[in-house]
Amino acid sequence: MTEAHERTTDVAISGPTPSAATNLLSGLNAAQREAVEHIDGPLLIVAGPGSGKTRVIVHRIAYLVRVVGVSPSRICAVTFTNKAAREMRDRLGRLLGTQAERLTAGTFHALCAQILRRDGAAIGISKDFVIYDSDDQTSVLKRAFDAEQIDPKHFSPNAVHAAISRAKAKLIDVETYTAQAVAPYDRVVARVYARYQVMLAQSQAVDFDDLLFRAYVLFRDHPEVLEKYQSRYQHLLVDEFQDTNVAQYALARQLAGRQHNICAVGDPDQAIYSWRHADVRNILSFQRDFPGAKVVRLETNYRSTPYVIQAAAGVIAANTQRIEKDLVPHKTGGVPVVITEAYNEEEEAHWVVREADRLRRDEGFRYGDCAVLYRVNAQSRAFEEACLRYGLPYRLVGAVRFYQRKEVKDLVSYLRLAMNPQDEVSLARVLNVPPRGIGQKSADDLVRWARELGVSTVEAVHRVANLSPQPSPRYGERERTAPLSADLTPSPSPYYGEGERGGDAIPITRIARVPLARFSELVRALADAVTTVSALEVLDLALERTGYKEFLLKAEEGGEERWDNVQELRALAAEFAEMPPPEGLVAFLERVALVSDTDNLDEAKDGLTLITLHQAKGLEFRAVFLTGLEEGLLPHIRSMDDPQQLEEERRLCYVGITRAEERLYLTRAFRRHTAGGSMAGMPSRFLKDIPVTALTHPSTLQKTTVPEPRMTRRERERAASLTPGPSPLNVERGGAARPAAPDKPALRPGDHVRHAKFGEGVVVSFQPSGSDHEVTVAFAEGGVKRLLYSMAPLERV
DNA sequence: ATGTTTATTATTTTT
DNA sequence: TAATAAACAT
């Protein structure tokens, strides 16, 4: 590559910079430079939080391209989320321009889907295979239990599912599993596993785990295919390496080939997905499997203040199974970490929301600079309610996932069915949606009949439809028919057999024939459309022919909103309109299956972010509220009896703390509503590992003291009863309870008010609530709202 | 085929 | 407790 060419493609160079190399290395510290400049052979980057990891990755790729002369199309970067892949490409685009588009960047799953789509035929995978998500998996599993006559009350389907998933993540196939299964429980799992795989094959489906497993098998059994990819990708990069599983690591090794140009980036202290079979030991294996690997440690933290770093270091240092790693703060100054206790989760939420509002008002923060982190999704509720009450905007991440919504799944199922009518899960889902007179009874009969004939369910649908060339106009009329088996040639089913054979003939006359005939027509029409029109048009055809819009809007419960979701899906489908008929739909379905909701976090909107600790990985915020620091919640009760899991909880806490750039608040509730009652929880053990020096600041009134975890529950109760006064809400704001907003006159029911956001309304009630007043207002538009008097932007009209 | 009652079960969830 | 699924009755 010539110097002149580099100049023209590099948007980052604008001055008289001597060369691409100097330019790409400037502004990097010594360790970062070392990582960027390493070209040949294995490289392991151990990158602490906020150490400029992404910057190093992006610069290293740019360096390979611009200085070493590697074509971007010969570099493969594997990330853990689609969002991370997109970010990487975007940032690379700023260094390389349009060239960056030729880089392969994606998740392991997306990459494997692509490989299997292209070369899966070698191991018997159809080009039209469908990807089953966890809901789909559950429904297959249910049928597998049924077929194996295993009582789901006896063996938890969830546990069996987890066992199968774990096996796949460890590259254990059905045969091996069966051979190893000795204990009665394992034998049950083995049976279900076998049946489950057969059912997936029958539907031409693969699940998430299969994407990895099958790609591995393809490479293992077909060296010529592997060779193709090995020679294409000269350089391989794996991000978030600490959270890869055995299958993913095996794939990485296969792809790295003999050249061993593999760069793994990770941080063992941030390994938080072992429950999804990630194995931190991959980091240790890396150095064994790639002897002579260069190891670079990035330990300078550019994100957080020294106070935050101190707190983080204190927490993580208590882990025993750990490679010591220092975090050196680059920033100076800052504000101490605040620890606070609220009486219950409601007050915890109020306190947090108020403080976030104060940061915005007094300290130049935006709501979007603040995030509330919690261990379990259930905690989000209190914060959501508090935000609503204060009229504070918020962004709730990943609560109801877009692609899990009923309406979206329904329509996606129609598209999948259009593409691949063998897809049993999708067929079962849409058979009677919207209701078309095919009830549970008819559906069951249909499926039983299909089994008996050894054909797929769609095939059975078509056959039923053909039974009556001129469908009787009156549905439900029972007529005698000629024996069905005569022209239907039953054949022994490879999947269902024995038990069902020789039983009574299925009373096919009772099957809702007319609706089935119409459904058969619909499936045919959709299947035809697949090859002739775009994904969007297929979707619109499905919408039109099913009357889905009317169905949604009629089914009241938030029909409008659900229709909006459909529109959103249409918008996504429109993005694939350019592609020729079958590929567009395939690509669309793949995107739907492999894209997570976190990707759609709307960063444009200003609002307090409510997010789980797991989802917060990789993000950063100026102010972080790490909530629910109680024994049983963080660490979670289900992790408390296992030292390994306990260490993971600690890492989770560490991840949370290190999201903070400037402000860190650690909150807990003395009492919390949990399953069936209210429990007083002890302060989290992690709190006592936070050095006092991170908490104290001479000029701050630190009302809350460092927690005393050794106090018994009784003592706590007593202590609480002795101080019934001000809630922590007021503690920070002057120490004593004070009447809320004394400058405002009280409101009375019947008063007319105007709210900044909700418009005009009438006061319904005005009642004291703690140190404040709760105002209930009926707004002309926007319904009845409960607001906190001191907070709500209300004025009397 | 639909609404009503009872039963069940409740970590995290990048794909 | 509370949310949802399955079973049940209408």
Side-chain angles (χ1 to χ4, degrees), chain A residues 78-86 106-113 131-138 142 152-153 156-158 161-162 165 168-169 206-213 215 239-240 242-245 247-248 270-278 345 373-381 397-401 403-404 432 434-443 476 512 515 555 590-599 601 611-619 628 632-640 645 648-649 651-653 655-656 672-679:
Chain A
V78 188
T79 57
F80 254 63
T81 60
N82 295 290
K83 190 180 162 212
R86 201 171 47 221
T107 63
F108 268 112
H109 291 84
L111 193 66
C112 290
I131 300 167
Y132 275 0
D133 69 15
S134 37
D135 283 352
D136 304 326
Q137 290 173 44
T138 306
K142 225 186 243 169
K153 277 167 194 154
S156 148
N158 278 341
H161 187 200
S165 177
K168 289 183 180 182
V206 299
D207 63 20
F208 286 140
D209 300 310
D210 279 340
L211 285 172
L212 308 173
F213 194 0
D239 195 11
E240 303 289 8
Q242 77 283 353
D243 283 323
T244 52
N245 65 26
Q248 289 166 330
Q270 293 184 69
I272 54 174
Y273 278 99
S274 76
W275 52 276
R276 295 201 29 143
H277 320 122
E345 71 261 50
L373 273 50
Y374 39 80
R375 177 68 237 261
V376 303
N377 274 125
Q379 286 174 260
S380 71
R381 217 188 95 176
V397 181
V400 194
R401 329 190 80 222
Y403 295 104
Q404 312 250 105
N432 197 33
R436 54 169 68 87
I438 308 170
Q440 199 54 53
K441 186 83 181 67
S442 294
E590 201 148 293
R591 170 86 153 265
V592 167
L594 296 178
V595 162
S596 81
D597 225 34
T598 324
D599 298 353
L601 205 157
I611 193 169
T612 65
L613 284 165
H614 284 91
Q615 289 182 311
K617 186 173 89 160
L619 304 179
L633 194 55
L634 186 65
H636 196 274
I637 189 150
R638 303 266 283 251
S639 305
M640 287 182 15
Q645 288 187 51
E648 182 149 317
E649 295 289 307
R651 292 194 290 269
L652 202 47
C653 184
V655 166
R672 189 177 288 277
H673 292 286
T674 45
S678 168
M679 277 268 294

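Small disclaimer: the values here were computed from a predicted structure and weren't measured. Each chain gets a letter, A, B and so on, in the order the sequences are listed, and its residues count up from 1.
Using a 4.0 Å heavy-atom cutoff across all strands shown, A:Lys168 reaches no nucleic acid atom at all. Within 4.0 Å (heavy atoms only), A:Tyr273 reaches at least one base atom of the nucleic acid. Within the nucleic acid shown, A:Arg436 has no heavy atom closer than 4.0 Å to any nucleic acid atom. Using a 4.0 Å heavy-atom distance criterion, A:His614 is classed as a base contact. Residue A:Asp243 is in base contact, counting any heavy-atom pair closer than 4.0 Å across all strands shown.
Distance CD (A:Glu648) to P (B:dT11): 16 Å, rounded to an integer number of Å. For the pair A:Ile611 CD1 and B:dT12 C1', the interatomic distance rounds to 13 Å; values are reported in whole Å. Remark: P of B:dT13 and CZ of A:Phe80 are 16 Å apart, rounded to the nearest angstrom. Atom CD in A:Gln379 sits about 16 Å away from atom P in C:dA2, given to the nearest Å. Regarding A:Arg375, its CZ atom lies at a distance of 11 Å from the C1' atom of B:dT13, rounded to whole Å. The interatomic distance linking A:Lys617 (NZ) with B:dT13 (P) rounds to 13 Å, in whole Å. Between A:Asn245 atom CG and B:dT12 atom P there is a gap of 21 Å when expressed in whole angstrom units. The CZ-P distance, from A:Phe108 to B:dT13, rounds to 22 Å in whole Å.
Between A:Glu648 and A:Ser274, the shortest heavy-atom contact is OE1-OG, 2.8 Å.
Residue ring and base: A:Trp275 counts as stacked with B:dT12 (centre distance below 5.5 Å, interplanar angle below 30°).
One finds no side-chain N or O of A:Asn158 lying less than 4.0 angstrom from the OP1 or OP2 phosphate oxygen of B:dT9. Contact annotation: A:Thr612 side-chain N/O to B:dT11 OP1/OP2 distance is not under 4.0 Å. Look at A:Arg381 and you'll find a side-chain N or O under 4.0 angstrom from OP1 or OP2 of C:dA3. Dashed line: the shortest gap from a side-chain N or O of A:Lys142 to OP1 or OP2 of C:dA6 is under 4.0 Å. Here A:Arg638 reaches the OP1 or OP2 of B:dT11: one of its side-chain N or O atoms lies under 4.0 Å away.
Comparing the P positions of C:dA5 and B:dT12 gives an interatomic distance of 16 Å, to the nearest angstrom.
Across the interface with DNA chain B, nearest-nucleotide mapping of A:Ile272 and A:Asp209 shows A:Ile272 to be the residue nearer the 5′ end. Take the nearest nucleotide of DNA chain B for A:Ala378 and for A:Ala593: the residue whose nucleotide is more 5' is A:Ala378.
Residues satisfying the side-chain contact (heavy atoms from CB on, under 4.5 Å) criterion with A:Ala616, sequence neighbours excluded, are A:Leu373, A:Ile611, A:Arg659. Legend: residues meeting side-chain contact (heavy atoms from CB on, under 4.5 Å) with A:Asp209, ordered by chain and number and at least two apart, are A:Ser165, A:Lys168, A:Asp207. Looking at residues two or more places apart in sequence or on another chain, you find a side-chain contact (heavy atoms from CB on, under 4.5 Å) between A:Ser156 and A:Asn158, A:Ala159. Applying the salt bridge (Lys or Arg N to Asp or Glu O under 4.0 Å) test to A:Arg375 and every residue at least two apart in sequence or in another chain returns A:Glu649. Scored by the side-chain contact (heavy atoms from CB on, under 4.5 Å) test, A:Ala113 finds A:Ile131, A:Leu211, A:Glu590, A:Leu594 as partners (sequence neighbours excluded).
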For Watson-Crick and G-U wobble pairs within 3.5 Å on both distances, what is DNA chain B written in dot-bracket notation, | included for inter-strand pairing? ||||||||||.....

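Evaluated for a side chain to side chain donor-acceptor pair (under 3.5 Å) with A:Lys617, the options A:Asp243, A:Thr81, A:Thr612 yield exactly one hit, A:Asp243.
Taking 4.5 Å as the limit, some side-chain heavy atom of A:Gln379 sits within range of a side-chain heavy atom of A:Leu633.
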